[in-house]
There are 2 protein chains.
Amino acid sequence: MSLADFLLSLIPLDTEELEDILSHFEKEDIPKNTMLIAEGEISKRLYFTESGMGRSYYLKKDGKEITQWFFGSGKFMSSVDSFFQQSPSFYYLETLEDSVVFSITKEKLDQLFSNYQKMEQLGRLVSIEMLTKVVNKLNAIQFQTAKERYEYMLEEFPDISYRVALGHIASYLGMTQETLSRIRR
Amino acid sequence: MSLADFLLSLIPLDTEELEDILSHFEKEDIPKNTMLIAEGEISKRLYFTESGMGRSYYLKKDGKEITQWFFGSGKFMSSVDSFFQQSPSFYYLETLEDSVVFSITKEKLDQLFSNYQKMEQLGRLVSIEMLTKVVNKLNAIQFQTAKERYEYMLEEFPDISYRVALGHIASYLGMTQETLSRIRR
DNA sequence: AACAGTTTTTGATTTATGTCAAAGGAATAG
DNA sequence: CTATTCCTTTGACATAAATCAAAAACTGTT
(Lines give C-alpha, C1' and ligand atoms only; values in the text may rest on other atoms or scores of the structure.)
Protein backbone atom coordinates (compact mmCIF):
# COMPACT_ATOMS: atom_id res chain seq x y z
CA MET A 1 0.00 0.00 0.00
CA SER A 2 1.40 3.40 -0.98
CA LEU A 3 1.77 6.19 1.53
CA ALA A 4 -0.63 8.37 -0.47
CA ASP A 5 -3.35 5.71 -0.39
CA PHE A 6 -2.75 5.18 3.27
CA LEU A 7 -3.10 8.87 4.12
CA LEU A 8 -6.23 9.26 2.00
CA SER A 9 -7.82 6.21 3.62
CA LEU A 10 -7.74 7.96 6.99
CA ILE A 11 -8.13 11.67 6.29
CA PRO A 12 -9.45 13.75 3.36
CA LEU A 13 -6.74 15.76 1.60
CA ASP A 14 -6.79 17.82 -1.57
CA THR A 15 -4.06 17.32 -4.18
CA GLU A 16 -1.97 20.22 -3.00
CA GLU A 17 -2.00 19.15 0.63
CA LEU A 18 -1.17 15.59 -0.30
CA GLU A 19 1.77 16.69 -2.43
CA ASP A 20 3.11 18.89 0.30
CA ILE A 21 2.81 16.17 2.93
CA LEU A 22 4.46 13.56 0.73
CA SER A 23 7.33 15.95 -0.01
CA HIS A 24 8.32 15.73 3.66
CA PHE A 25 9.07 12.03 3.25
CA GLU A 26 11.97 10.35 1.51
CA LYS A 27 11.63 7.16 -0.45
CA GLU A 28 14.25 4.52 0.32
CA ASP A 29 14.95 1.05 -1.02
CA ILE A 30 16.28 -1.10 1.78
CA PRO A 31 17.70 -4.59 1.29
CA LYS A 32 16.68 -7.44 3.57
CA ASN A 33 18.43 -7.91 6.91
CA THR A 34 19.35 -4.22 7.19
CA MET A 35 19.41 -2.75 10.66
CA LEU A 36 17.49 0.52 10.83
CA ILE A 37 17.91 1.20 14.54
CA ALA A 38 20.15 -0.46 17.10
CA GLU A 39 19.65 -0.62 20.85
CA GLY A 40 20.89 2.55 22.52
CA GLU A 41 20.59 4.72 19.43
CA ILE A 42 18.15 7.58 19.16
CA SER A 43 15.72 6.84 16.40
CA LYS A 44 16.07 9.54 13.75
CA ARG A 45 13.39 8.42 11.37
CA LEU A 46 9.92 6.99 11.26
CA TYR A 47 9.39 4.53 8.39
CA PHE A 48 6.24 3.85 6.42
CA THR A 49 6.49 0.42 4.81
CA GLU A 50 5.19 0.45 1.26
CA SER A 51 6.33 -3.08 0.53
CA GLY A 52 8.42 -5.65 2.29
CA MET A 53 8.55 -6.55 5.96
CA GLY A 54 10.37 -5.51 9.09
CA ARG A 55 10.48 -6.44 12.74
CA SER A 56 11.49 -4.85 16.01
CA TYR A 57 13.18 -6.96 18.65
CA TYR A 58 15.17 -6.66 21.83
CA LEU A 59 17.76 -8.76 23.62
CA LYS A 60 17.09 -10.44 26.91
CA LYS A 61 19.85 -10.44 29.51
CA ASP A 62 20.80 -13.95 28.40
CA GLY A 63 21.31 -12.59 24.86
CA LYS A 64 18.22 -14.13 23.30
CA GLU A 65 16.36 -12.08 20.70
CA ILE A 66 12.72 -11.39 21.41
CA THR A 67 10.64 -10.23 18.46
CA GLN A 68 8.45 -7.41 19.61
CA TRP A 69 6.44 -6.63 16.50
CA PHE A 70 6.22 -7.30 12.78
CA PHE A 71 5.63 -4.45 10.34
CA GLY A 72 4.19 -5.27 6.94
CA SER A 73 3.01 -3.18 4.02
CA GLY A 74 0.91 -0.15 4.96
CA LYS A 75 2.31 0.16 8.50
CA PHE A 76 4.54 2.65 10.23
CA MET A 77 7.58 1.16 11.89
CA SER A 78 9.98 2.66 14.37
CA SER A 79 11.06 2.31 17.92
CA VAL A 80 8.04 4.33 19.05
CA ASP A 81 9.31 5.68 22.33
CA SER A 82 12.77 6.43 20.99
CA PHE A 83 11.45 8.33 18.01
CA PHE A 84 8.83 10.39 19.81
CA GLN A 85 10.75 11.05 23.00
CA GLN A 86 14.13 11.18 21.22
CA SER A 87 15.48 8.84 23.86
CA PRO A 88 17.81 5.82 23.49
CA SER A 89 16.02 2.91 21.92
CA PHE A 90 15.40 -0.27 23.82
CA TYR A 91 14.74 -2.05 20.54
CA TYR A 92 16.48 -3.04 17.35
CA LEU A 93 14.61 -2.49 14.10
CA GLU A 94 15.49 -4.44 10.97
CA THR A 95 14.09 -5.41 7.61
CA LEU A 96 13.35 -9.08 7.00
CA GLU A 97 12.78 -8.67 3.27
CA ASP A 98 13.84 -6.20 0.61
CA SER A 99 11.60 -3.24 1.39
CA VAL A 100 10.44 0.06 -0.03
CA VAL A 101 9.87 2.59 2.72
CA PHE A 102 9.07 6.27 3.09
CA SER A 103 10.92 7.81 5.97
CA ILE A 104 10.56 11.10 7.80
CA THR A 105 12.57 12.84 10.50
CA LYS A 106 11.11 13.99 13.80
CA GLU A 107 11.57 17.66 12.82
CA LYS A 108 9.69 17.27 9.56
CA LEU A 109 6.95 15.28 11.20
CA ASP A 110 6.57 17.98 13.83
CA GLN A 111 6.30 20.52 11.03
CA LEU A 112 3.50 18.47 9.51
CA PHE A 113 1.78 18.19 12.88
CA SER A 114 1.81 21.94 13.35
CA ASN A 115 0.92 22.81 9.75
CA TYR A 116 -1.95 20.37 9.41
CA GLN A 117 -4.50 19.66 12.09
CA LYS A 118 -5.43 16.68 9.95
CA MET A 119 -1.95 15.27 10.52
CA GLU A 120 -2.39 15.51 14.27
CA GLN A 121 -5.62 13.65 13.76
CA LEU A 122 -3.85 11.04 11.67
CA GLY A 123 -1.24 10.63 14.38
CA ARG A 124 -3.97 10.07 16.90
CA LEU A 125 -5.79 7.56 14.72
CA VAL A 126 -2.63 5.60 13.96
CA SER A 127 -1.67 5.52 17.64
CA ILE A 128 -5.06 4.28 18.70
CA GLU A 129 -5.07 1.60 16.04
CA MET A 130 -1.67 0.42 17.22
CA LEU A 131 -2.80 0.56 20.83
CA THR A 132 -5.78 -1.64 20.01
CA LYS A 133 -3.56 -4.20 18.29
CA VAL A 134 -1.07 -4.33 21.11
CA VAL A 135 -3.89 -4.79 23.61
CA ASN A 136 -5.24 -7.65 21.52
CA LYS A 137 -1.89 -9.31 21.45
CA LEU A 138 -1.51 -8.84 25.17
CA ASN A 139 -4.82 -10.59 25.78
CA ALA A 140 -3.85 -13.40 23.44
CA ILE A 141 -0.48 -13.89 25.09
CA GLN A 142 -1.60 -13.55 28.64
CA PHE A 143 -4.18 -16.26 29.01
CA GLN A 144 -3.97 -18.59 26.14
CA THR A 145 -2.12 -21.79 25.57
CA ALA A 146 0.75 -21.89 23.09
CA LYS A 147 -1.56 -23.46 20.52
CA GLU A 148 -4.24 -20.79 20.89
CA ARG A 149 -1.61 -18.08 20.58
CA TYR A 150 -0.45 -19.50 17.30
CA GLU A 151 -4.04 -19.60 16.06
CA TYR A 152 -4.50 -15.96 17.08
CA MET A 153 -1.45 -15.11 15.00
CA LEU A 154 -2.75 -16.98 11.97
CA GLU A 155 -5.91 -14.92 12.17
CA GLU A 156 -4.38 -11.54 12.90
CA PHE A 157 -1.34 -11.77 10.59
CA PRO A 158 -1.93 -14.66 8.21
CA ASP A 159 0.90 -13.78 5.81
CA ILE A 160 3.61 -13.51 8.44
CA SER A 161 3.47 -17.18 9.35
CA TYR A 162 4.99 -18.28 6.07
CA ARG A 163 7.18 -15.26 5.31
CA VAL A 164 9.15 -15.15 8.53
CA ALA A 165 11.58 -17.50 10.27
CA LEU A 166 10.08 -19.81 12.85
CA GLY A 167 12.31 -18.55 15.63
CA HIS A 168 11.19 -14.96 15.10
CA ILE A 169 7.55 -15.96 15.30
CA ALA A 170 8.10 -18.13 18.35
CA SER A 171 9.66 -15.33 20.35
CA TYR A 172 6.94 -12.95 19.15
CA LEU A 173 4.36 -15.36 20.57
CA GLY A 174 6.21 -15.89 23.82
CA MET A 175 7.24 -19.49 23.34
CA THR A 176 10.31 -21.42 22.28
CA GLN A 177 11.06 -22.43 18.76
CA GLU A 178 10.74 -26.09 19.71
CA THR A 179 7.25 -25.60 21.10
CA LEU A 180 6.11 -23.75 17.99
CA SER A 181 7.55 -26.43 15.77
CA ARG A 182 5.59 -29.08 17.69
CA ILE A 183 2.39 -27.08 17.46
CA ARG A 184 2.69 -26.65 13.73
CA ARG A 185 3.08 -30.32 13.03
CA MET B 1 -4.57 15.08 39.99
CA SER B 2 -7.19 17.47 38.64
CA LEU B 3 -8.16 17.50 34.99
CA ALA B 4 -6.99 21.12 34.66
CA ASP B 5 -3.53 20.27 36.00
CA PHE B 6 -3.35 17.27 33.76
CA LEU B 7 -4.20 19.26 30.63
CA LEU B 8 -1.75 22.02 31.49
CA SER B 9 1.01 19.51 32.11
CA LEU B 10 0.84 18.39 28.49
CA ILE B 11 -0.22 21.43 26.48
CA PRO B 12 -0.14 25.21 27.07
CA LEU B 13 -3.61 26.74 27.41
CA ASP B 14 -4.77 30.23 28.35
CA THR B 15 -7.48 30.66 30.97
CA GLU B 16 -10.26 31.06 28.46
CA GLU B 17 -9.33 27.96 26.48
CA LEU B 18 -8.99 25.94 29.66
CA GLU B 19 -12.39 27.06 30.91
CA ASP B 20 -14.01 26.20 27.61
CA ILE B 21 -12.40 22.77 27.45
CA LEU B 22 -13.33 21.94 31.04
CA SER B 23 -16.94 22.99 30.38
CA HIS B 24 -17.26 20.06 27.99
CA PHE B 25 -16.68 17.63 30.86
CA GLU B 26 -19.04 16.67 33.65
CA LYS B 27 -17.89 15.99 37.16
CA GLU B 28 -19.28 12.81 38.72
CA ASP B 29 -18.93 11.17 42.12
CA ILE B 30 -19.00 7.44 41.66
CA PRO B 31 -19.16 4.97 44.55
CA LYS B 32 -16.91 1.95 44.65
CA ASN B 33 -17.85 -1.20 42.75
CA THR B 34 -19.97 0.71 40.22
CA MET B 35 -20.05 -0.69 36.73
CA LEU B 36 -19.39 2.04 34.16
CA ILE B 37 -19.49 -0.14 31.05
CA ALA B 38 -20.62 -3.72 30.61
CA GLU B 39 -19.56 -6.13 27.90
CA GLY B 40 -21.57 -5.62 24.71
CA GLU B 41 -22.52 -2.01 25.49
CA ILE B 42 -21.29 0.90 23.44
CA SER B 43 -19.18 3.12 25.62
CA LYS B 44 -20.84 6.54 25.81
CA ARG B 45 -18.29 8.33 27.91
CA LEU B 46 -14.59 8.68 28.46
CA TYR B 47 -13.64 9.17 32.11
CA PHE B 48 -10.77 11.13 33.58
CA THR B 49 -10.03 9.84 37.08
CA GLU B 50 -9.35 12.70 39.46
CA SER B 51 -9.27 10.48 42.52
CA GLY B 52 -10.06 6.86 43.24
CA MET B 53 -9.35 3.80 41.19
CA GLY B 54 -10.95 1.75 38.46
CA ARG B 55 -10.21 -1.33 36.41
CA SER B 56 -11.22 -2.83 33.11
CA TYR B 57 -11.67 -6.58 32.81
CA TYR B 58 -13.16 -9.20 30.58
CA LEU B 59 -14.57 -12.67 31.05
CA LYS B 60 -12.89 -15.74 29.64
CA LYS B 61 -15.07 -18.46 28.15
CA ASP B 62 -14.85 -20.33 31.44
CA GLY B 63 -16.29 -17.28 33.21
CA LYS B 64 -13.11 -16.14 34.94
CA GLU B 65 -12.50 -12.41 35.21
CA ILE B 66 -9.27 -11.15 33.71
CA THR B 67 -8.19 -7.68 34.80
CA GLN B 68 -6.99 -5.84 31.76
CA TRP B 69 -5.86 -2.54 33.22
CA PHE B 70 -5.94 -0.41 36.36
CA PHE B 71 -6.74 3.29 36.18
CA GLY B 72 -5.59 5.52 38.99
CA SER B 73 -5.65 9.26 39.58
CA GLY B 74 -4.63 11.35 36.58
CA LYS B 75 -5.54 8.71 33.98
CA PHE B 76 -8.25 8.43 31.38
CA MET B 77 -10.29 5.28 31.57
CA SER B 78 -12.69 3.76 29.08
CA SER B 79 -13.07 0.80 26.87
CA VAL B 80 -10.82 2.42 24.27
CA ASP B 81 -11.99 0.63 21.15
CA SER B 82 -15.65 0.82 22.12
CA PHE B 83 -15.50 4.54 22.83
CA PHE B 84 -13.53 5.60 19.78
CA GLN B 85 -15.10 3.23 17.27
CA GLN B 86 -18.52 3.31 18.96
CA SER B 87 -18.58 -0.47 18.78
CA PRO B 88 -19.75 -3.02 21.39
CA SER B 89 -17.28 -3.27 24.24
CA PHE B 90 -15.34 -6.42 24.88
CA TYR B 91 -14.56 -5.16 28.39
CA TYR B 92 -16.28 -4.29 31.61
CA LEU B 93 -15.20 -1.11 33.36
CA GLU B 94 -15.78 -0.64 37.07
CA THR B 95 -14.65 1.48 39.98
CA LEU B 96 -12.73 -0.26 42.77
CA GLU B 97 -12.87 2.71 45.16
CA ASP B 98 -15.10 5.75 45.60
CA SER B 99 -13.97 7.94 42.74
CA VAL B 100 -14.27 11.48 41.42
CA VAL B 101 -14.22 11.50 37.63
CA PHE B 102 -14.71 13.96 34.81
CA SER B 103 -16.55 12.41 31.92
CA ILE B 104 -17.12 13.47 28.34
CA THR B 105 -19.19 12.12 25.48
CA LYS B 106 -17.76 11.18 22.11
CA GLU B 107 -19.62 14.08 20.43
CA LYS B 108 -18.21 16.67 22.84
CA LEU B 109 -14.73 15.23 22.57
CA ASP B 110 -14.95 15.39 18.79
CA GLN B 111 -16.00 19.04 19.12
CA LEU B 112 -12.90 19.67 21.18
CA PHE B 113 -10.72 17.85 18.68
CA SER B 114 -12.01 20.00 15.82
CA ASN B 115 -12.00 23.27 17.77
CA TYR B 116 -8.53 22.92 19.23
CA GLN B 117 -5.54 21.55 17.41
CA LYS B 118 -3.95 21.32 20.83
CA MET B 119 -6.58 18.80 21.83
CA GLU B 120 -5.70 16.61 18.86
CA GLN B 121 -2.15 16.86 20.04
CA LEU B 122 -3.19 15.93 23.55
CA GLY B 123 -5.09 12.94 22.19
CA ARG B 124 -2.01 11.84 20.34
CA LEU B 125 0.26 12.26 23.38
CA VAL B 126 -2.10 10.38 25.67
CA SER B 127 -2.44 7.55 23.16
CA ILE B 128 1.29 7.21 22.74
CA GLU B 129 1.85 7.21 26.48
CA MET B 130 -0.72 4.46 26.87
CA LEU B 131 0.79 2.55 23.97
CA THR B 132 4.20 2.69 25.62
CA LYS B 133 2.79 1.36 28.89
CA VAL B 134 0.94 -1.47 27.25
CA VAL B 135 4.05 -2.44 25.34
CA ASN B 136 6.03 -2.45 28.59
CA LYS B 137 3.49 -4.68 30.21
CA LEU B 138 3.49 -6.98 27.24
CA ASN B 139 7.24 -7.37 27.49
CA ALA B 140 7.01 -8.02 31.19
CA ILE B 141 4.31 -10.63 30.80
CA GLN B 142 5.75 -12.35 27.83
CA PHE B 143 9.16 -13.41 28.99
CA GLN B 144 9.37 -13.12 32.71
CA THR B 145 8.68 -15.51 35.53
CA ALA B 146 5.71 -14.93 37.81
CA LYS B 147 8.02 -13.41 40.40
CA GLU B 148 9.61 -10.98 37.96
CA ARG B 149 6.21 -9.91 36.74
CA TYR B 150 5.15 -9.05 40.25
CA GLU B 151 8.31 -7.04 40.72
CA TYR B 152 7.63 -5.18 37.48
CA MET B 153 4.21 -4.32 38.86
CA LEU B 154 5.63 -3.04 42.15
CA GLU B 155 7.85 -0.70 40.17
CA GLU B 156 5.37 0.49 37.60
CA PHE B 157 2.30 0.79 39.85
CA PRO B 158 3.50 0.71 43.46
CA ASP B 159 0.25 1.89 45.01
CA ILE B 160 -1.97 -0.65 43.29
CA SER B 161 -0.43 -3.60 45.07
CA TYR B 162 -1.91 -2.67 48.41
CA ARG B 163 -5.12 -0.99 47.28
CA VAL B 164 -6.50 -3.75 45.13
CA ALA B 165 -7.68 -7.31 45.78
CA LEU B 166 -5.09 -10.01 45.20
CA GLY B 167 -7.22 -11.84 42.67
CA HIS B 168 -7.53 -8.74 40.50
CA ILE B 169 -3.78 -8.24 40.49
CA ALA B 170 -3.09 -11.89 39.78
CA SER B 171 -5.24 -11.92 36.67
CA TYR B 172 -3.72 -8.61 35.59
CA LEU B 173 -0.30 -10.24 35.78
CA GLY B 174 -1.36 -13.40 34.04
CA MET B 175 -1.11 -15.80 36.94
CA THR B 176 -3.40 -17.48 39.44
CA GLN B 177 -4.23 -16.05 42.80
CA GLU B 178 -2.47 -18.95 44.52
CA THR B 179 0.75 -18.29 42.67
CA LEU B 180 0.70 -14.60 43.53
CA SER B 181 0.00 -15.39 47.17
CA ARG B 182 3.04 -17.70 47.25
CA ILE B 183 5.23 -15.10 45.59
CA ARG B 184 4.26 -12.43 48.07
CA ARG B 185 5.18 -14.50 51.09
C1' DA C 1 -19.53 -9.46 69.56
C1' DA C 2 -20.93 -12.97 66.31
C1' DC C 3 -22.24 -14.37 61.93
C1' DA C 4 -21.97 -14.80 56.83
C1' DG C 5 -19.48 -13.79 53.11
C1' DT C 6 -15.39 -12.92 50.95
C1' DT C 7 -10.44 -13.06 50.28
C1' DT C 8 -6.01 -15.10 51.18
C1' DT C 9 -2.99 -18.79 52.39
C1' DT C 10 -1.30 -23.48 52.40
C1' DG C 11 -0.77 -28.31 50.65
C1' DA C 12 -0.68 -32.15 47.23
C1' DT C 13 -0.72 -33.28 42.58
C1' DT C 14 -0.76 -32.59 37.48
C1' DT C 15 0.52 -30.51 33.22
C1' DA C 16 2.14 -27.50 29.65
C1' DT C 17 6.08 -25.74 28.21
C1' DG C 18 11.12 -24.96 28.73
C1' DT C 19 15.82 -26.80 28.39
C1' DC C 20 19.42 -29.46 26.50
C1' DA C 21 21.11 -32.20 22.84
C1' DA C 22 21.49 -34.00 18.37
C1' DA C 23 20.04 -34.98 13.73
C1' DG C 24 17.86 -33.68 9.42
C1' DG C 25 16.78 -30.01 5.83
C1' DA C 26 17.17 -25.75 3.41
C1' DA C 27 19.54 -21.71 1.94
C1' DT C 28 23.59 -19.08 0.55
C1' DA C 29 28.17 -18.19 -1.06
C1' DG C 30 32.33 -19.34 -3.19
C1' DC D 1 27.90 -28.02 -7.41
C1' DT D 2 29.63 -28.49 -2.96
C1' DA D 3 30.51 -26.73 1.54
C1' DT D 4 29.37 -24.04 5.27
C1' DT D 5 26.11 -22.00 7.86
C1' DC D 6 21.62 -21.39 9.33
C1' DC D 7 16.92 -23.09 10.36
C1' DT D 8 13.68 -26.69 11.77
C1' DT D 9 12.38 -30.97 13.76
C1' DT D 10 12.53 -34.65 17.13
C1' DG D 11 13.52 -36.85 21.69
C1' DA D 12 14.27 -37.20 26.75
C1' DC D 13 13.97 -34.90 30.81
C1' DA D 14 13.21 -30.90 34.17
C1' DT D 15 10.42 -27.35 36.12
C1' DA D 16 7.40 -23.36 36.91
C1' DA D 17 2.99 -22.64 37.47
C1' DA D 18 -1.94 -24.46 37.18
C1' DT D 19 -5.50 -27.06 39.37
C1' DC D 20 -8.13 -28.90 43.06
C1' DA D 21 -9.21 -28.79 47.78
C1' DA D 22 -9.52 -27.12 52.29
C1' DA D 23 -8.24 -24.21 56.12
C1' DA D 24 -7.33 -19.69 57.88
C1' DA D 25 -7.72 -14.81 57.96
C1' DC D 26 -10.14 -10.88 57.03
C1' DT D 27 -14.54 -7.63 56.22
C1' DG D 28 -18.62 -5.80 56.84
C1' DT D 29 -23.33 -6.10 58.92
C1' DT D 30 -26.84 -6.84 62.31
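Source: prediction; values computed, not measured. Heavy atoms only: backbone and side chains are in, while hydrogens, waters and symmetry mates are out.
Distance Asp62(B) CG to dC20(D) P: 10 Å, rounded to the nearest Å. When the C1' atom of dT17(C) is taken as reference, atom CD of Gln177(A) falls 15 Å away, rounded to whole Å. Protein atom CG of Leu180(B) is 13 Å distant from nucleotide atom P of dT10(C), rounded to whole Å.
Using bins of under 30°, 30° to 60° and over 60° for the plane-to-plane angle, the ring pair Phe6(B)/Phe48(B) lands in the tilted bin. Ring orientation note: the planes of Phe70(A) and Tyr172(A) are tilted relative to one another, at an angle of 30° to 60°.
Residue Lys60(B) qualifies as enclosed at atom NZ: its count of foreign heavy atoms under 6.0 Å is above 12.
A salt bridge links Arg124(A) to Glu120(B): one of the charged nitrogens lies within less than 4.0 Å of a carboxylate oxygen. Between Glu50(B) and Lys75(B) no salt bridge is recorded (no basic side-chain N to carboxylate O distance below 4.0 Å). Using a cut-off of 4.0 Å between Lys/Arg side-chain N and Asp/Glu carboxylate O, Glu156(B) and Arg149(B) are scored as not salt-bridged. Here Arg55(A) does not pair with Glu97(A) in a salt bridge; the nearest charged N to carboxylate O distance is not below 4.0 Å.
Over its length, the helix from dA1(C)-dT30(D) to dG30(C)-dC1(D) turns its helix axis by 50°, as judged from the five terminal pairs at each end, rounded to 10°.
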Within the sub-3.5 Å range, which N or O atoms of nucleotides 23-30 of chain D have a protein N or O partner, and how far apart are they?
none

Which atoms of nucleotides 21-23 of chain C (N or O only) lie under 3.5 Å from a protein N or O atom, and what are those distances?
none

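Counting only N and O atoms by type, the side chains of Ser89(A) and Ser82(A) include no donor and acceptor under 3.5 Å apart. For the residue pair Thr67(A)/Ser171(A), the side-chain donor-acceptor check at 3.5 Å is satisfied.
Partners of Glu26(B) by salt bridge (charged side-chain N to carboxylate O under 4.0 Å, His left out), not counting sequence neighbours, listed by chain and number: Arg45(B). Partners of Glu17(A) according to the side-chain hydrogen bond (donor to acceptor under 3.5 Å, both in side chains) rule, which considers only residues two or more places apart in sequence or in another chain, are Lys118(A).
Residue Thr179(A) has its side chain nearest to dT17(C) when only dT9(C), dT17(C), dT19(C) are considered.
Within residues 143-175 of chain A, the residues approached by DNA chain D to less than 4.0 Å at the level of any non-hydrogen atom are Ala165(A), Leu166(A), Gly167(A), in residue-number order.
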(message) Before you tell me yes or no, could you show the steps for Arg182(A) and Glu178(A) under salt bridge (charged side-chain N to carboxylate O under 4.0 Å, His left out), namely the whole-Å CA-CA distance, both residues' side-chain angles and the distance that decides it to 0.1 Å?
(response) CA-CA 6 Å; Arg182(A) 288 181 176 114; Glu178(A) 293 93 330; over 6 Å; no
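Results of the side chain to side chain contact (heavy atoms under 4.5 Å, CB included) test with Phe25(B) over Val101(B), Ile104(B), Thr105(B) single out Ile104(B) as the only residue that passes.
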